[in-house]
There are 2 protein chains.
Amino acid sequence: MIWTLKRGTEGNKTAGWRWSPLELNGCSVYLGPMARPSGSDGDVTGPRVRAAAERLFARHGYAAVSMRQIAAEVGIGAGALYHYTRDKQTLLFDLMRTHLDDVIGAWDSVDPQGDPIDRLDAFSRFHIRHHLDRPDAVFIAYMELRSLSPDNFARIEVLRRSYEAVPQQILRAGAEAQLMHVSDVKLAANALIAMLTGVTTWYRDGGRLDRATVEARYADMALGMVGAQKSLQKTF
Amino acid sequence: MIWTLKRGTEGNKTAGWRWSPLELNGCSVYLGPMARPSGSDGDVTGPRVRAAAERLFARHGYAAVSMRQIAAEVGIGAGALYHYTRDKQTLLFDLMRTHLDDVIGAWDSVDPQGDPIDRLDAFSRFHIRHHLDRPDAVFIAYMELRSLSPDNFARIEVLRRSYEAVPQQILRAGAEAQLMHVSDVKLAANALIAMLTGVTTWYRDGGRLDRATVEARYADMALGMVGAQKSLQKTF
DNA sequence: GTCTATAGCCGGATAGAC
DNA sequence: GTCTATCCGGCTATAGAC
């Protein structure tokens with residue numbers, strides 16, 4: 001049996017038909033000349049399947065969600081799902097790979113590439129912002145590693161490690177330039193990522209603090225963790 | 001289907017009979033005069049059921065573990081499990097309640113109760129140590145909240161909040177005494193707990209760093225996060 | 001206290017009609 | 001591209017023998 005926990009702002013029931021997050025984003029889902037006007041088709045239903053799976057996996061966990069539930073959320077029969085994914089495992093793997101590709105690519109296009117302190121500040125803010133924008137994908141990426149088949153697990157680990165190399169490299173550069181106090185680069189990078197990612201467990205839009213404030217406070221703590229402060233002399 | 005991820009130091013197969021963690025701890029499980037010498041009985045089997053459930057829930061997740069698997073791990077039939085728990089949900093709830101009662105009680109008996117900086121240092125070290133000693137219970141407590149029934153979820157949340165009040169109170173005292181730089185007490189406490197708890201995702205006994213070193217490095221970073229340093233003048 | 005057997009349901013995935 | 005029907009197996013929990 002599955003109970004719905006309060007997560008985020010909504011309380012939709014899964015019974016009956018409802019619009020997917022794609023439509024709720026406010027933009028039409030008409031995806032070019034091939035889209036047909038008569039309800040679902042391949043170009044639209046595929047993304048809606050992945051969106052529904054992401055929502056449900058994040059809320060209830062991969063093992064607790066059935067293909068029938070995903071199909072019901074999309075508004076199709078369970079059998080039709082298999083036109084969009086080979087099986088349930090592949091659906092999970094594709095969600096995680098896409099998420100990690102996204103986050104790695106997004107950082108590359110934002111990396112200021114200069115002073116280590118600036119980069120740590122930028123990385124902290126980027127990580128917070130990116131994660132608050134994709135709470136479901138983040139939740140899955142961190143909680144469902146154990147639900148991956150061994151092969152898929154290995155492939156995801158490669159991506160995860162390549163993202164973790166980002167803060168490691170920043171901290172190493174900062175330590176070598178004696179701008180930061182880092183006793184162990186990998187340990188500190190792990191601690192940093194855990195702290196930043198933890199924001200997804202409590203932050204809610206419309207709550208006491210807004211995103212800009214949260215971002216700034218976390219960035220300050222990130223710098224403090226390694227004995228650095230923005231626009232100030234180092235303190236050791 | 002369930003795949004076994006590498007977690008911790010062991011690689012036991014679940015097929016066939018094996019000794020439970022209770023026996024592996026090195027101490028006999030003969031629990032006083034009521035224990036009978038002929039294999040499992042109530043005094044021994046109950047704890048072994050909980051230990052097996054804890055192991056399996058932590059590795060594969062509550063939803064992915066069947067009562068049959070738990071029973072097999074203990075070495076009894078599935079039906080016999082119901083002499084030790086009302087149902088699977090109650091088994092999960094009891095594990096989480098016991099864990100949280102433990103951690104709260106353990107801190108109370110260790111709290112140095114003095115200077116906020118000493119207390120933050122002590123809390124950080126305590127949290128790391130306690131969590132590294134109970135990786136399975138910790139994993140379940142943080143990952144399986146969504147598997148609790150609404151009633152049980154509410155009861156666990158009460159306990160969880162009472163533990164989170166510990167660092168909140170420390171940081172508040174430190175900020176009021178102007179020994180720490182804390183822009184927002186709850187935000188900082190959440191960030192601190194997330195950072196510290198994250199140690200369980202990567203630390204392994206026998207790895208590159210030992211527990212004492214890890215404990216010390218995390219405690220340093222915890223103090224740095226709020227602009228404090230042990231045995232040094234404050235830096236602002 | 002544990003066993004075997006089973007009720008009743010739900011799971012993933014497939015086949016073939018339309 | 002979606003539907004309905006179905007295979008086959010696993011699930012929780014219970015019943016009753018020993």
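The chains referred to below are lettered A, B, ... by the order of the sequence lines, with proteins before strands, and numbering in each begins at 1. Quick caveat: nothing in here was measured; it's all calculated off a predicted structure.
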What nucleotide, of [options], holds the atom closest to the side chain of [X]?
X	options	value
Y84(A)	dG12(C), dG1(D), dC3(D)	dG1(D)
R68(A)	dA13(D), dC3(C), dA13(C)	dA13(C)
D87(B)	dA13(D), dC3(D), dT14(C)	dA13(D)
A80(A)	dC3(C), dC3(D), dA13(D)	dC3(D)

Q | Parallel, tilted or perpendicular, as decided by the 30° and 60° cut-offs, for the rings of W202(B) and Y218(B) | A |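 Y218(B) and W202(B): parallel rings.
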[N] [atom2] sits how many Å from [X] [atom1], rounded?
X	N	atom1	atom2	result
Q89(B)	dA13(D)	CD	P	9 Å
K88(A)	dT14(C)	NZ	P	15 Å
M67(A)	dT14(C)	CE	C1'	12 Å
I76(A)	dC3(D)	CD1	P	6 Å
Q69(A)	dG11(C)	CD	C1'	11 Å
Y82(A)	dA15(C)	OH	C1'	14 Å
I70(B)	dA13(D)	CD1	C1'	13 Å

Q. Is there a side-chain contact between L192(A) and L120(A), using heavy atoms and a 4.5 Å cut-off?
A.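 Side chain of L192(A) against side chain of L120(A), heavy atoms only: contact under 4.5 Å found.
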(Q) Does dC10(C) have its OP1 or OP2 closer than 4.0 Å to a side-chain nitrogen or oxygen of S66(A)? (A)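 For dC10(C), neither OP1 nor OP2 has a side-chain N or O of S66(A) closer than 4.0 Å.
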Q. Can we call the ring centroids of Y163(A) and F123(A) under 6.0 Å apart?
A.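 Yes, the ring of Y163(A) comes within the 6.0 Å limit of the ring of F123(A), centre to centre.
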Q | R155(B) to F93(B) six-membered ring, cation-pi geometry met (6.0 Å, 45°) | A |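 Checked: cation-pi criterion met.
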Q.
Once you apply a heavy-atom cut-off of 4.0 Å, does G77(B) come out as touching a base, just sugar-phosphate, or nothing?
A.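 Contact class for G77(B): sugar-phosphate only.
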